[in-house]
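Report on the structure given below.
Throughout, protein chains are lettered first and strands after them, A, B, ... in sequence-line order, and every chain is numbered starting at 1. Only this structure's heavy atoms are used, side chains among them; waters, hydrogens and symmetry mates stay out.
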2 protein chains.
Amino acid sequence: MLIGEYEHSLDAKGRLIMPAKIREDIGEKFIITKGLDGCLFGFSQTEWTNFEEKLKTLPLTNKNARDFVRFFLSGAIECEIDKQGRFLIASNLREYSSLEKEAVIIGVGTRIEIWNKEKWKAYNSDENISADAIAENMTMLGI
Amino acid sequence: MLIGEYEHSLDAKGRLIMPAKIREDIGEKFIITKGLDGCLFGFSQTEWTNFEEKLKTLPLTNKNARDFVRFFLSGAIECEIDKQGRFLIASNLREYSSLEKEAVIIGVGTRIEIWNKEKWKAYNSDENISADAIAENMTMLGI
DNA sequence: ATGTTCATATTCACCGATAAGCACTTTGTT
DNA sequence: AACAAAGTGCTTATCGGTGAATATGAACAT
């Protein structure tokens, strides 16, 4: 289970440290792709195949579904973590997610997400995560 | 059942003593997350896996669900209690809950809560938790 | 009251993870 | 061939996390 929030910075070549606590869960080789809300998604190999399976079940007759599948598959790249714990983020993905220097990596259960730090902070101060909304969701789930 | 209120202080590295009476209930490894009202939640592993199971059922395509899952999982970290009974609170969680020196740990049935002492006092002197208000809510709940 | 034990507080030292800079290699372009 | 750009790998310094040692204080028994 991938959890936690970690701040690190890209080096001049666009490489990022994979937090030590995530490294063993996600594996030496993993997949990153364009994510939702302006971040990047990262999947371990097994989670990626799960995800692909789900995409396959979508009806190709539906334009929305076709767009959705294209979005995720076209942006996907396999990454490898080097001896020093870093991985390179392809330039098109860096551009998509506005990653330049300061980044935040978060674990979200089955995947990680990579955010531009500023965007992450903005997202968190947004009303989309108000205490009320969270409390409401908690009771809905019976927590 | 987790109960009681305990005051302790963080050391220079951000570690906190787990009160002896809570230690055996919560286990050697447990999970802390961002909580509501500016405190942190702490769950035993069994309570946490229940929670995780529920989160897994939420749909990726729903923004509300994404927000909710992100809040709890990105804010979560597994903690281990060391030989001296202490555990480290990750810096982002310390920041979130304004924990610097004096802290209060309370047991709340299925979870513990960790508060900045000042915040805890302020919260308790608030009128929202006057004995009268609580009694009123109790009758509403049919107690 | 005194001593004993257990829990908590405080300080210090060490080690590993990370940041940052640099050099070398590869690839593609002119 | 020469160069620029991108990718890969190494080295060093720093900082945060971790464990050990010691001090303080409360609870309890004699």
Side-chain angles (χ1 to χ4, degrees), chain A residues 2-32 40 42 76-97 99-107 112 114-117 120, chain B residues 2-32 40 42 76-97 99-107 112 114-117 120:
Chain A
L2 298 161
I3 57 173
E5 175 180 335
Y6 311 88
E7 279 189 28
H8 292 295
S9 49
L10 301 182
D11 70 14
K13 301 306 181 74
R15 288 176 296 186
L16 187 60
I17 287 255
M18 181 64 76
K21 290 191 179 156
I22 288 194
R23 239 173 266 161
E24 59 181 41
D25 273 327
I26 203 155
E28 192 158 332
K29 290 182 181 181
F30 65 101
I31 314 288
I32 57 178
L40 300 177
I77 289 194
E78 186 178 78
C79 287
E80 191 165 353
I81 297 181
D82 70 19
K83 279 182 228 155
Q84 288 139 84
R86 302 168 303 183
F87 64 100
L88 180 69
I89 302 177
S91 62
N92 61 323
L93 294 180
R94 253 180 289 159
E95 192 179 348
Y96 169 79
S97 52
L99 283 168
E100 291 186 18
K101 186 73 186 158
E102 294 186 300
V104 176
I105 298 182
I106 64 175
I112 60 170
I114 307 170
W115 289 74
N116 168 306
K117 183 178 167 187
W120 174 244
Chain B
L2 297 162
I3 53 172
E5 176 178 336
Y6 310 87
E7 281 188 25
H8 292 295
S9 49
L10 301 181
D11 70 13
K13 299 303 183 79
R15 288 176 295 188
L16 186 60
I17 286 258
M18 181 63 77
K21 291 187 181 162
I22 288 192
R23 237 173 270 163
E24 59 181 40
D25 273 328
I26 203 155
E28 190 158 334
K29 289 183 181 181
F30 64 100
I31 312 287
I32 58 180
L40 300 176
I77 279 208
E78 186 178 76
C79 289
E80 191 166 354
I81 299 182
D82 70 20
K83 280 183 225 154
Q84 290 146 83
R86 301 168 304 182
F87 63 100
L88 180 70
I89 302 177
S91 62
N92 61 320
L93 295 181
R94 277 195 315 254
E95 192 180 348
Y96 172 80
S97 54
L99 283 168
E100 291 187 17
K101 188 71 187 159
E102 294 187 300
V104 176
I105 298 181
I106 63 176
I112 60 169
I114 307 171
W115 290 76
N116 168 306
K117 184 177 167 188
W120 174 243

Report task. Starting at the 5' end of nucleotides 12-23 of chain C, put B wherever the base has a protein heavy atom under 4.0 Å, S where only the sugar-phosphate does, and a dash everywhere else. Result -> -B---SSSSB-B

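- The side-chain contact (heavy atoms from CB on, under 4.5 Å) check on A:Y6 picks up A:H8, A:P19, A:K21, A:I22, with sequence neighbours excluded.
- Closest approach of B:L93 and B:L40 over heavy atoms only: O-CD2, 3.8 Å.
- In this entry the distance linking NZ of B:K83 with P of C:dC6 reads 18 Å, nearest Å.
- Here B:L88 pairs with B:R15, B:R94 under the side-chain contact (heavy atoms from CB on, under 4.5 Å) rule; sequence neighbours left out.
- Judged as a side chain to side chain donor-acceptor pair (under 3.5 Å), and not counting sequence neighbours, the contacts of B:E5 are B:W120.
- Along DNA chain D, the stretch of nucleotides lying under 4.0 Å from any heavy atom of chain B spans, 5' to 3', D:dG17 to D:dA21.
- Taking B:A76 as the reference, A:I3, B:I31, B:T33, B:W48 meet the side-chain contact (heavy atoms from CB on, under 4.5 Å) condition, with sequence neighbours excluded.
- For B:E102, there are no side chain to side chain donor-acceptor pair (under 3.5 Å) partners, not counting sequence neighbours.
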Are there any protein N/O atoms within less than 3.5 Å of an N/O atom in nucleotides 26-30 of chain C, and if so, which ones and at what distance?
none

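- Partners of A:E28 under the side chain to side chain donor-acceptor pair (under 3.5 Å) rule, at least two apart in sequence or in another chain, do not exist in this structure.
- Residues forming a salt bridge (charged side-chain N to carboxylate O under 4.0 Å, His left out) with A:E80 (at least two apart in sequence, or on another chain): none.
- Here B:D25 pairs with nothing under the side chain to side chain donor-acceptor pair (under 3.5 Å) rule; sequence neighbours left out.
- For A:C79, the side-chain contact (heavy atoms from CB on, under 4.5 Å) partners two or more places apart in sequence, or in a different chain, are A:F30, A:I32, A:F87.
- Comparing B:A12 and B:Y6 by the nucleotide of DNA chain C that holds the closest heavy atom to each, the one mapping nearer the 5' end is B:Y6.
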